[in-house]
Amino acid sequence: MPIVRVALDVPVFAPFDYLAPSAEPGDVGRLAVVPFGRRTLVGVIVALAEKASVEGVRLKPVSRILRDLPPLPGDVLALAAFCSDYYHHPLGQVLATLLPQRLRRSSPVRLTEPLWRLTEAGWAVDPATLPPRAALRRRLLAALRVEGNLSREALLALSPSAPQVIRDFLARGWVERANAPLRVQAPPRPYRPDTPPPLTREQQAALDAVRAGGAGFVPWLLLGVTGSGKTEVYAHLIADALAQGRQALLLVPEINLTPQTEARFRSRFPEAVIVSLHSHLAEGERLRHWLLAAEGRADIVLGTRLAVFAPLPKLGLIVVDEEHDASFKQQDGLRYSARDLAVVRAQQREVPIVLGSATPSLESWHNAVNGRYRLLTLSTRAVQAARAPRLTLIDLRREPVTDGLTAPLVRALKERLKRGEQSLVFVNRRGFAPALACPACGWLAGCPRCAAKLVVHLREKRLRCHHCGHGAVIPRQCPACGAFELTPLGQGTQRLERALQRFLPQARILRVDRDSTRRRDALPEMLRQVQAGEVDVLVGTQMLTKGHDFPRLTLVGIVNADSGLYSADFRASERLFAQLLQVSGRAGRACAHGEVLIQTAFPGHPLFAALAHGNYREFANTLLAEREALGLPPFTFQALLRAEAHRMESTLDFLRKAQALAPRLPGVEVYDPVPALLPRLAGKERAQLLVESASRGLLKQFLSTWLPVLRRHQVRNVRWALDVDPLEP
DNA sequence: ACAAATCAGACC
DNA sequence: GTCTGATTTGTA
């Protein structure tokens, strides 16, 4: 009697066996609905067997094998297995994180997609009666008349906002919904490359190099200064892949970036099927996109870290854009690095992979220096007139500060305003002020659940914790000494916005941070306003530093750059440098006189000198030498055992016990438990234990013997998780 | 003496 | 993770 081994979303490493009379080899990778205890779960069949793996257990039969869905291909199963092994996470839980949520419910999946067609009322509409500006509505009506019906794909090909217009048509009763089977084969579309802009010599050289590298596994690191046209290189490589009938996977850091990038690729590849994959998609949409990828019908898959697991039968190329970005590392549950897994996947599938960045992670840079990755460089800006911006430091020890701003910065802003150019003021704190203090007794408003200060949000007249979301009203008087006149301390985006309004009363100021862009479509609308020149001064957080192209922007002001200069986190300077270089790159994307002003109390710090030269290599090599001397990553490999409990003593007790249980292995160092950087979060007291080795193999061997022991010595009320290759200390 | 709280272990 | 039955702890 055939048996299937099913990996389930439970914290158990081994799969579970079930009887499956009808199972056949093709069912490996398929989902199976199975009884588990008194529950019913959906798991993945990872193997077939003739004999049960445990003796003396009465096997239950599977309830159902979902044969309507395409099975997870072997390479995705292999990647999941690698992931389970490398990150020491149960296979079933790895598979659960990579599958669209919709598939994990035992209710059947409807494999249809909506088709829109005109109703009689719709046919009766005379396009000429529509307002003259309703061009898209007229185009949609015309397309519906000609095609008979339109899929979502077809709608998006017409315009990214077509689905909204269709909703409006539906409300008016002009169209109706029909369902078409999703698995209908897409018509073969001969791919015609369109006419791209001319390449710079460097872009051409990069492209030639990758082409010469062939179709097999070659890892490339594309070091391209801001504005050098990395995306154009990606586009040509993707075009090559599509022309060979293969799929391309493009990973980007955040969802914010996706709509813009998606629109760009859509107009670049009008005939290609492009789907996005990220966690903010509606369940149904994510499933649809995933299935289109799995069936090979999606030519380009554009997504955030979870897209690294997308089934792609015809994969021909992987691109990881902004590869240094921390959002490629998942920070809870399965703590995987999508960038690292992308390299593993490229190797498994024997396809080239391009990691692109203006400021690569030191890990990748190290790999380029030691020859594991091949380096491609774009050092000149693609727009002829553009130059690297001039950088000036403003010494905060000499210049007086009013509301966070120094006179030279205000002067520079006024100058740009007079010339009709745009400026950007960058602060890394949202809200009004990062703290509320009592000047009389020194009391600070702290979060009751976290070891953090509450942030003043003046607009909502509330204090908020940015770590756990806790909110409180702003007190009238100091709870410690009763004094009135509590003062906000430090600068947030809201406070700077207000200060700028006072300094520059005629300026049109726009604040861009997580609070001002909460509403759906708020960010794209703001970006449009900036593009259209309806804004003079932008105030914002790092949200503004990424990828956006503002041709009219000539000045970037950085209010305070010092937080990352002398930090407990050894990666802080790497991150600060990347961030400052990125935000500086916003100035002068299309002109010769871009300028960056940085307010700092440490103008002598070497980071600024490197930044002034715009020299990534110099700085990266300095940092690498430092890391090597100190025995830090990428020269050593780390794993962090993170634990939390109600009280710090329990957390530390557990970690001390874990330390005592650690196997002794020469070449692997186990450090003492220490409280986390944020020792209290949401009422939990956190601490961690660092394990380090110069050898990845030894570290893995250590973890493989240690973790099973730890699991057997579970301590009540202490939760713990292992973070392999942690990014945060 | 009984109920509530806690715990180890299975779950296939 | 969720659930079970067994054991410990608490209370009348």
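Note that these values count all heavy atoms, side chains included, but never hydrogens, waters or copies made by symmetry. Note that the structure is predicted; figures quoted are calculated from it, not measured.
Counting heavy-atom neighbours within 6.0 Å of A:Lys453 NZ, excluding the residue itself, gives a total above 12. Other residues, nucleotides and ligands contribute more than 12 heavy atoms inside 6.0 Å of the CZ atom of A:Arg518. Remark: A:Arg372 CZ is loosely packed, at most 12 non-hydrogen atoms of other residues, nucleotides or ligands lying under 6.0 Å away.
Side-chain atoms of A:His289 come within 3.5 Å of backbone N or O of A:Ser276 as a donor-acceptor pair. With A:Arg105 contributing its side chain and A:Val42 its backbone, the two residues share no donor-acceptor pair below 3.5 Å. Put simply, the side chain of A:Arg30 gets close to the backbone of A:Gly26: a donor and an acceptor are under 3.5 Å apart. Between the A:Gln247 side chain and the A:Lys314 main chain, a donor and an acceptor come within less than 3.5 Å of each other. Without hydrogens or angle criteria, A:Ser84 side chain to A:Ala80 main chain gives no donor-acceptor distance under 3.5 Å.
Interface limits on DNA chain C: the 5'-most and 3'-most nucleotides within less than 4.0 Å of chain A heavy atoms are C:dG1 to C:dT4.
In this structure, A:Arg719 reaches the sugar-phosphate backbone alone: every heavy-atom distance under 4.0 Å involves primed, P, OP1 or OP2 atoms, never a base.
Applying side-chain hydrogen bond (donor to acceptor under 3.5 Å, both in side chains) to A:Arg464 and the options A:His467, A:His466, A:Glu460 leaves one that passes, A:Glu460. A ring pair (Phe, Tyr, Trp, His ring centres under 6.0 Å) with A:Tyr336 is found for one member of A:Tyr86, A:Phe309, A:Phe82 and no other, namely A:Phe309.
Within residues 651-662 of chain A, no residue has any heavy atom under 4.0 Å from DNA chain C.
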- Message: Base contacts versus sugar-phosphate-only contacts with protein, heavy atoms under 4.0 Å: please encode nucleotides 3-12 of chain B as B, S and - from 5' to 3'.
- Response: ----S---BB
